[in-house]
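A short worksheet on the structure shown next.
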Amino acid sequence: MSFLDEEYLLGSEPARQLYDEIRDLPILDPHSHLDVQAVARNEGWDDIWEVEGATDHYVWQLMRKRGVPEYKITGSAANREKWMALAEVFPQLAGNPTYEWIHLDLKRRFGIEKHISGDTAEEIWTETKEALDSPEMRQQALLGEMNVEVVSSTDDPTSKLEYHRQLADDLEDITVRPTWRPDTAMKIDEAGWCEYVETFGRATDTDTSDLEGFLTAIAVSHEYFDAHGCRASDHGLREVVSKPVSDRRAADIYQRAYAGETIMPDDVTDFQAYILERIGELNRDTGWVTQFHIGPVRDYRDSLYDNLGSDAGGDVSTQHIELTESLEYFLNRFDEELQTVLYTIDPTHYPTVATISRAFPNVSVGAAWWFNDSPTGMHRQLEYVGTVDLLANYGGMVSDSRKLLSFGSRFEMFRRSLADTVGSMVEQGQVPHDVAKDLVRTVAYDRPETLWRF
């Protein structure tokens, strides 16, 4: 087996056969950070750094680890200089999935087989720059070339979704769906929340000076997103807290926060639990999926946040969150009524979410997320979920990507890892081949299509 050849990640003959069954299936991506405006404008890129490095905090983190100065990562250096700096350290990234993703991007989208290094950096820069001038490398054409059937963006409830509306008219065989992400609306203790609430009110033409108006704004936005093809809400939370909270208690917290008074930690968790239950009711009524992305500790590295702000590569994971008691009220409140997908950033939480999913037919384990979206992380998660819960009820793959060009590479890595995991079961006599063939197709396509009503 050679680097990224046809047997890449496929360790057995059954795995190779199973991958052949799913390799060409369309991509259904329920969670990404797609730049919908750029897709609507059908933009391209000027150079390979814009494609691979300009928006990717995975790349930034690894460059920092190898001693590349910040001005050659997010700073004032020219894109060519940033690419040369990345290429120079790229051989040292081997073993990290980023090393494979970017090489896959070059191979699949540009037809470039060269290994990235300081010696090949100039050639790759020139070859990709020439290729990027072609109409085939515009964003809409690439979505089609990667066989993307549905991709879901991540959108604030205040969005007017004008670019989604444009794409609904412009694209025939590709659907770009919004996903409703109300995180900012729920962060009642953070600076800027009152200003956001005012913005939310203007966006929905409601008076958000009290809780009743705020709930109306949520309902108006939710209905608007539903009318524009939304199929899910997304909640990025360090820890989900669910509990019964009275209308009176929630209204009191809201009024104090709106007035700029001090909000205590118990106020925050009570308010978030209350709003989360109201959102659950809306999702149930529209048939939306509720996605919980649980566990990230945001902006852990102070200097990065101070100099660059959020999403700069300073987030980490933690084991120290509670899942079972925290989710219990919400999951029982919507038992068999609301499809819920659980993603955890720390792999030590898989046993808990897998057993929770096993207990609730309407709960699914989400894809190996963030630091776990490597062949090793995906294989371990799929193997564990398949033995504790059911792979046939797995939530499916998500790109979670800010780079359009990497959607194909990320899904290819997942499908190869899936085929290898299930292929090992066939090889060891655990599963007959015909059953395995149906199973990998279910996980790769049929289950996500049904779960998200794609």
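Computed from a predicted model, the values in this text were never measured in an experiment.
- No side-chain donor-acceptor contact under 3.5 Å links Ser317 to the backbone of Asp346.
- Here Arg249 pairs with Asp267 in a salt bridge; the nearest charged N to carboxylate O distance falls below 4.0 Å.
- The distance from atom CD of Glu337 to atom CZ of Arg284, rounded to the nearest 0.5 Å, is 5.5 Å.
- The shortest side-chain heavy-atom distance between Leu382 and Leu418 falls under the 4.5 Å cut-off.
- The shortest heavy-atom contact between Pro351 and Tyr384 is CB-OH, 3.3 Å.
- Between Tyr163 atom OH and Gln37 atom CD the span is 3.5 Å, to the nearest 0.5 Å.
- Ion pairing between a basic and an acidic side chain is recognised when a charged N comes within 4.0 Å of a carboxylate O; Asp252 and Arg248 show no such pairing.
- Side-chain contact check for Glu130 versus Phe110: every heavy-atom pair is 4.5 Å or farther apart.
- In plain terms, the two heavy atoms of Leu9 and Ser417 that are nearest each other are CD1-OG, 3.9 Å.
- Annotation: Glu449, atom CD; neighbour count of heavy atoms from other residues, nucleotides and ligands within 6.0 Å is above 12.
- In this structure, the side chain of Arg415 engages the main chain of Leu25 through a donor-acceptor pair within 3.5 Å.
- Aromatic ring pairs are classed by plane angle as parallel below 30°, tilted from 30° to 60° and perpendicular above 60°; the pair His57 and Trp60 is perpendicular.
- Listed for the Arg402 side chain is no donor-acceptor partner under 3.5 Å among the backbone atoms of Asp56.
- Ring-centre distance between Trp193 and Tyr254: below the 6.0 Å cut-off.
- The shortest distance between side-chain heavy atoms of Lys403 and Ile102 falls below 4.5 Å.
- Shown here is Asn332, whose CG atom has more than 12 heavy atoms of other residues, nucleotides or ligands within 6.0 Å.
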side-chain hydrogen bond (donor to acceptor under 3.5 Å, both in side chains) between Tyr196 and Glu190: does it pass, once the steps are laid out? CA-CA 10 Å; Tyr196 176 83; Glu190 291 198 358; over 6 Å; no
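- Minimum interatomic distance between Val353 and Val365 (heavy atoms only, all atoms of both residues): O-CG2, 3.9 Å.
- Under a 3.5 Å cut-off, the side chain of Arg66 and the backbone N or O of Leu93 do not form any donor-acceptor pair.
- Using a distance-only test at 3.5 Å, with no hydrogens or angles considered, a donor-acceptor pair links the side chain of Arg177 to the main chain of Gly229.
- No hydrogens or angles considered: a donor-acceptor pair under 3.5 Å links the side chains of Ser357 and Asp389.
- Defined by atom type and a distance below 3.5 Å, a donor-acceptor pair is present between the side-chain atoms of Tyr274 and Asp247.
- Formation of a donor-acceptor pair under 3.5 Å by the Gln166 side chain with backbone atoms of Ala40 is found in this model.
- Counting only heavy atoms from C-beta outward, the side chains of His33 and Asp400 approach each other to under 4.5 Å.
- Of all the heavy atoms in Ser399 and Ser32, the pair that sits closest is OG-CB, 3.4 Å.
- Between the CE atom of Met264 and the CG atom of Asp270 there is a distance of 12.5 Å, given to the nearest 0.5 Å.
- The pair Glu383-Arg380 does not count as a salt bridge, with every side-chain nitrogen at least 4.0 angstrom from each carboxylate oxygen.
- Between Ile218 atom CD1 and Leu282 atom CG the span is 8.0 Å, to the nearest 0.5 Å.
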Could you go step by step and tell me if Arg23 and Arg416 meet the side chain to side chain contact (heavy atoms under 4.5 Å, CB included) rule? CA-CA 8 Å; Arg23 66 187 304 161; Arg416 287 179 178 272; 4.1 Å; yes
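- Tyr445 and Glu149 make their closest contact through OH-OE2, 2.9 Å (heavy atoms, listed as atom of the first residue, atom of the second, distance).
- Within the 4.5 Å cutoff, the side chain of Thr98 has no heavy atoms near those of the Gln61 side chain.
- Leu405 is listed as a side-chain neighbour of Met137, based on a closest heavy-atom distance under 4.5 Å.
- Residues Thr216 and Thr204 are not in side-chain contact: their nearest non-hydrogen atoms beyond the backbone lie 4.5 Å or more apart.
- Checked against side-chain hydrogen bond (donor to acceptor under 3.5 Å, both in side chains), Arg238 has no partners two or more places apart in sequence or in another chain.
- Residue Glu172 places its CD atom among 12 or fewer non-hydrogen atoms of other residues, nucleotides or ligands, all under 6.0 Å distant.
- For Trp288 and Asp226, the side-chain atoms include at least one donor-acceptor pair closer than 3.5 Å.
- For the ring-ring contact (aromatic ring centres under 6.0 Å, His included) condition, the pairs that include at least one residue of residues 292-317, sequence neighbours left out, are His31-His293, His235-Phe292, Phe292-Phe330, His293-Tyr343, His293-Trp369.
- Taking the side chain as every heavy atom from C-beta outward, Leu404 and Leu143 approach each other to under 4.5 Å.
- Salt-bridge formation is detected for the pair Asp315/Arg298: a Lys NZ or Arg NE/NH1/NH2 atom is positioned less than 4.0 Å from an Asp or Glu carboxylate oxygen.
- In terms of heavy-atom proximity, Thr318 sits nearest to His320 at OG1-N, 3.0 Å.
- Put simply, the side chain of Asn362 gets close to the backbone of Phe334: a donor and an acceptor are under 3.5 Å apart.
- Taking the six-membered ring for Trp and thresholds of 30 and 60 degrees, His103 and Phe90 have ring planes more than 60 degrees apart, a perpendicular arrangement.
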Starting from the C-alpha separation in whole Å, work towards a yes-or-no answer on side chain to side chain contact (heavy atoms under 4.5 Å, CB included) for Ile73 and Arg64. CA-CA 8 Å; Ile73 303 172; Arg64 291 173 189 135; 3.6 Å; yes
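- Not counting sequence neighbours, the partners of Glu212 by the side-chain contact (heavy atoms from CB on, under 4.5 Å) test are Asp210.
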Begin with the C-alpha distance, continue with both residues' side-chain angles, and end with the deciding distance and a verdict on side-chain hydrogen bond (donor to acceptor under 3.5 Å, both in side chains) for Ser221 and Trp180. CA-CA 9 Å; Ser221 172; Trp180 196 71; 2.8 Å; yes
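- A salt bridge links Asp373 to Arg410: one of the charged nitrogens lies within less than 4.0 Å of a carboxylate oxygen.
- Between the side chains of His164 and Ser153, at least one donor-acceptor pair of N or O atoms lies under 3.5 Å.
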For Glu195 and Thr199, run side-chain hydrogen bond (donor to acceptor under 3.5 Å, both in side chains): C-alpha distance rounded to whole Å, both residues' side-chain angles, the deciding distance at 0.1 Å, then the answer. CA-CA 6 Å; Glu195 291 79 5; Thr199 301; over 6 Å; no
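- One side chain, Ser233 or Asn283, offers a donor N or O that lies under 3.5 Å from an acceptor on the other.
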Step-by-step side chain to side chain contact (heavy atoms under 4.5 Å, CB included) determination, Ser159 to Phe225: CA-CA 9 Å; Ser159 173; Phe225 270 61; 4.3 Å; yes
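- Between the side chain of Arg333 and the main chain of Glu277, no donor-acceptor pair closer than 3.5 Å is present.
- Panel note: side chain Arg165, backbone Lys160; a donor-acceptor pair is recorded below 3.5 Å.
- In this structure, CG in Leu451 is found 9.5 Å from OG1 in Thr340, a value given to the nearest 0.5 Å.
- If you check the side chains of Thr421 and His379, you find a donor sitting under 3.5 Å from an acceptor.
- With hydrogens and angles disregarded, no donor-acceptor distance shorter than 3.5 Å links the side chain of Lys72 to the backbone of Met84.
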